**Student:** 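What follows is a structure written as structure tokens; I'll ask about it next.
Within every chain, numbering begins at 1; the chains are lettered A, B, ... in the order of the sequence lines, protein sequences first and strands thereafter. As the structure is a computational prediction, the values presented were derived from the model and not from experiment.
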There are 4 protein chains.
Amino acid sequence: MEAKRKHSENGQRRQYDKSGRTRATILAAALREFSTHGLAGARVDRIAKSAKVNNHALYYHFGNKSALFRAVLENGYDAFRARQAPRDLKNTPPLEGMVEIVSDVFEFVRDTPEHMALVLDVNRNRGAHLTADASERVRAAASPLLRDIEFVLRRGKSLGLFAKHVNPEHLYLTIFAVCNFYFTNAYTVSAVVGRDLLQPGAIRTRKKHIVRFVLDALRP
Amino acid sequence: MEAKRKHSENGQRRQYDKSGRTRATILAAALREFSTHGLAGARVDRIAKSAKVNNHALYYHFGNKSALFRAVLENGYDAFRARQAPRDLKNTPPLEGMVEIVSDVFEFVRDTPEHMALVLDVNRNRGAHLTADASERVRAAASPLLRDIEFVLRRGKSLGLFAKHVNPEHLYLTIFAVCNFYFTNAYTVSAVVGRDLLQPGAIRTRKKHIVRFVLDALRP
Amino acid sequence: MEAKRKHSENGQRRQYDKSGRTRATILAAALREFSTHGLAGARVDRIAKSAKVNNHALYYHFGNKSALFRAVLENGYDAFRARQAPRDLKNTPPLEGMVEIVSDVFEFVRDTPEHMALVLDVNRNRGAHLTADASERVRAAASPLLRDIEFVLRRGKSLGLFAKHVNPEHLYLTIFAVCNFYFTNAYTVSAVVGRDLLQPGAIRTRKKHIVRFVLDALRP
Amino acid sequence: MEAKRKHSENGQRRQYDKSGRTRATILAAALREFSTHGLAGARVDRIAKSAKVNNHALYYHFGNKSALFRAVLENGYDAFRARQAPRDLKNTPPLEGMVEIVSDVFEFVRDTPEHMALVLDVNRNRGAHLTADASERVRAAASPLLRDIEFVLRRGKSLGLFAKHVNPEHLYLTIFAVCNFYFTNAYTVSAVVGRDLLQPGAIRTRKKHIVRFVLDALRP
DNA sequence: AATGAATGAGTTTTCATTCAT
DNA sequence: TATGAATGAAAACTCATTCAT
């Protein structure tokens, strides 16, 4: 990602910061654009305008449109990983640990719907936008969480709190599914149920439902 | 555009069929194109070529690209509704009924990934492609399923088979979520877990997991 | 013009009339369309729709778009000629005769702005739409009027009512100019003078001005 | 689009000039195209080719085809206004002043047939291309001339040189009419009179006729 | 690094005309 | 003759990218 960061020397500090700020502004604008329109539907000029920079800046900093897409995507995965506070699960009761994990996933998904939209775009194109490097980041981002789930699940099982048959990978998938679907399909599902799912109250209720649902399912 | 053309007179039967066939061919080609590329990324010429018609035919029959998108989308919802075999839930034990419901959703989602991709595109644009008419179809398509879930859930609760606190709308959402996410995010999740989720065996296993997971969660 | 009028026999009277009516309807619709949009800007489908016939009828009856334009144009010239009531100028005093001529031109131009618009289109294209046949009709349509002007002018001069130096061709041109310009430029001139020139009252006033202006100019 | 781009800093002078030159080239080419074919019949690619620019340049500088049309039109009105040499009518005898005015109108119309053709196109579409801004320019362009006519007419009347009843607005219209019609209808009228009205000699003769005709009409 | 302008290929849409019935 | 559908060429407009300054 940080491909071309020349100018790290002291004398050029100011410029470096400015450059970094420009990059960040572009990334933010690009995230908005890509998340609503996808890679194909996104418009370079719209991103530039929204970031209040000349469109040439995008090329200078990122090379081209799809490289920018990848940068945004990788940035999102990095943010996900960074957000994984190192949990002290060893000193937490499994039930509490599981609640914490589910809540974290829910909150991440709730707070970064744009990133999730990007991920969907990648999937829609069967990974065509995904470089080997990005694939690596996906794994790196997800691994800690997957390991946490495994850890808590194992401890919970051994304490007789969770059913023996539950598979951690499936659980991981299921937790992500119930959290993510709610946001990525909010508009059409709102049409089905006849009320706005993105109202704060509705979101809180959904979160409680999910946490309880997962824990209920895990009962031995 | 796109008005229902009925030619009840005999002499025009053949022509009607031809027109209807052209429309159907275009709809099918458009579904493929829109599902892989989204509305923005789809190419009208690609659709025309794939449908083996002159590209003007799309305009003649559907008006323009986004009207065609809507036609495809509504067609998909109609197909979903049509697929809802009239279930004889009154004579089915609640547990079996629930298994049947979850299985049906899973199979629908598995068999119509193109339609689900379209739905995601709609959501990504915050419902921008969704006309009032389409909204109505969404509701119409979902209603029978929602009613079935309510019915089975109520009966199961009264027989002491399901926990009292479960809300049918949330359950509907959850079932759809666990089924749908698996397919819409197969590519990136495969990267995380290190194996191809779309292998037939993996799909079967996932289905079993989901059915069991839902039933486990519903236990009183 | 009346190129393909087969079916003149008695037994097919009804059909002939229907065909004639269709032609007339198309011509009227085409006149509206061509006069507002010109040959290039006119749309065949718009004409067909406005005439409430299938667009193929235009081709059947007139061949193609520019042939239809010519038919409309020639029709207009024929109407102009037909309108020239055989004036009994020999028994009319020259001043009255001149008033009558100017009034007739004004009224023709006022009543057939669509035809005049067509003529402008022809001029804009430097006669590109004009066949030899049409040229002939132009002359045929204009000749009687030109002759009348010559006649009245000559008599008026010999009676000492009109200035000797006035040239009949120039007078013809001038009369047409002052009448026609008012209608063909009504919108922009309305913008200049700040009121709507096409109000009935404004038109009447303009006519009076023109008649007086011409007679004043002709004084010896 | 089309906003006035002023780069007051020195360093961008050259660039500004280049842009301005491109705009001017496009405007000139567009004037040619629009005047011969009208808005509807004009071809964007032909304009671009004739201006020797990429066709995107039209969109970059003017937005779209009809915005370009408006720009050309407004440009023409501005040129008309700019052409109005500040006449020293106060020190000119009214008869001479009137001759000068009529001659100026004739020469303007003779020299800018393209602009006049555009104006006709506007009128043909019942002012549809006329924005509020363009309307303002029309008025601004015409006002000085109208004021001059009023001034000369008033002075001439008070000196007993012109008839009292003549209305300045009508006179304005009449002058424009007799000058303009000759050029906008040259082709068809040539067909009527059987000689080419656009020959230099014919034009000179026509001018003399018009000047005399107007002055004759104004006699008390 | 930043800016306005330019490029060239592509994409949607339009349109006169023709075909089949 | 009348109709709906089809055709193929062209037209307007878009867009990622690059150039010159």
**Student:** Without decimals, in angstroms, what is the distance between B:Phe69 CZ and E:dT11 C1'?
**Tutor:** 18 Å

**Student:** Looking only at the side chains, is there a donor atom on one of A:Thr36 and B:Arg124 sitting less than 3.5 Å from an acceptor on the other?
**Tutor:** no

**Student:** Under 4.0 Å, heavy atom to any atom of DNA chain F: which of residues 38-48 of chain A qualify?
**Tutor:** A:Ala42, A:Arg43, A:Val44

**Student:** On DNA chain E, does the nearest nucleotide to C:Ser66 precede the nearest nucleotide to D:Ala57 from the 5' side, or the other way round? Give the residue.
**Tutor:** D:Ala57

**Student:** Whole angstroms only, please: what is the CG-C1' distance between C:Leu68 and E:dT17?
**Tutor:** 14 Å

**Student:** I need the OH-P distance between D:Tyr60 and E:dT3, as an integer number of Å.
**Tutor:** 12 Å

**Student:** Round to a whole Å and report the spacing from CZ of D:Arg21 to P of E:dG4.
**Tutor:** 19 Å

**Student:** Among the nucleotides E:dA16, E:dT13, F:dA16, which one has an atom lying closest to any side-chain atom of D:His56?
**Tutor:** F:dA16

**Student:** Do the side chains of D:Arg70 and D:Asp133 get close enough for a salt bridge, i.e. N-O under 4.0 angstrom?
**Tutor:** no

**Student:** Please say which of B:Val53, B:Val72, B:Leu31 ends up in a side chain to side chain contact (heavy atoms under 4.5 Å, CB included) with B:Ile26.
**Tutor:** B:Val53

**Student:** How long is the line joining NZ of D:Lys49 and P of F:dA12, in whole Å?
**Tutor:** 14 Å

**Student:** Determine whether a donor-acceptor pair (N or O, by modelled atom type, separation under 3.5 Å) exists between the side chain of D:Lys65 and the backbone of D:Ala42.
**Tutor:** yes

**Student:** With a non-hydrogen cut-off below 4.0 angstrom, is A:Asn64 in contact with a base, only sugar-phosphate, or nothing?
**Tutor:** sugar-phosphate

**Student:** Please give, in whole Å, the distance from F:dA12 C1' to D:His37 NE2?
**Tutor:** 17 Å

**Student:** Could you tell me how the ring of D:His56 sits relative to the ring of D:Tyr60: parallel (under 30°), tilted (30 to 60°) or perpendicular (over 60°)?
**Tutor:** tilted

**Student:** How does DNA chain E read in dot-bracket, base by base from 5' to 3', with Watson-Crick or G-U pairs under 3.5 Å and | used when the partner is on another strand?
**Tutor:** .||||||||||||||||||||

**Student:** In the structure I gave you, are the side-chain heavy atoms of B:Arg23 and B:Phe62 within less than 4.5 Å of one another anywhere?
**Tutor:** yes

**Student:** Would you say E:dA2 has OP1 or OP2 under 4.0 Å from some side-chain N or O of A:His61?
**Tutor:** yes

**Student:** Rounded off to whole Å, could you give me the CG-to-P distance for the D:Asn54 and E:dG10 pair?
**Tutor:** 14 Å

**Student:** Under 3.5 Å, is there a donor-acceptor pair between the side chain of D:Asn125 and the main chain of D:Asp121?
**Tutor:** yes

**Student:** Between B:Asn55 and C:Asn55, just flag the one whose closest nucleotide in DNA chain F comes earlier from the 5' side.
**Tutor:** C:Asn55

**Student:** Provide, to the nearest angstrom, the distance between the CG atom belonging to A:Leu58 and the P atom belonging to E:dA2.
**Tutor:** 11 Å

**Student:** What residues form a side chain to side chain donor-acceptor pair (under 3.5 Å) with A:Arg46, not counting sequence neighbours?
**Tutor:** A:Glu33

**Student:** Would you tell me if any nitrogen or oxygen in the side chain of C:Thr22 comes within less than 4.0 Å of OP1 or OP2 on F:dT1?
**Tutor:** no

**Student:** Mind listing the closest non-hydrogen atom pair of C:Ile47 and C:Ala29 along with its distance?
**Tutor:** O-CB, 3.7 Å

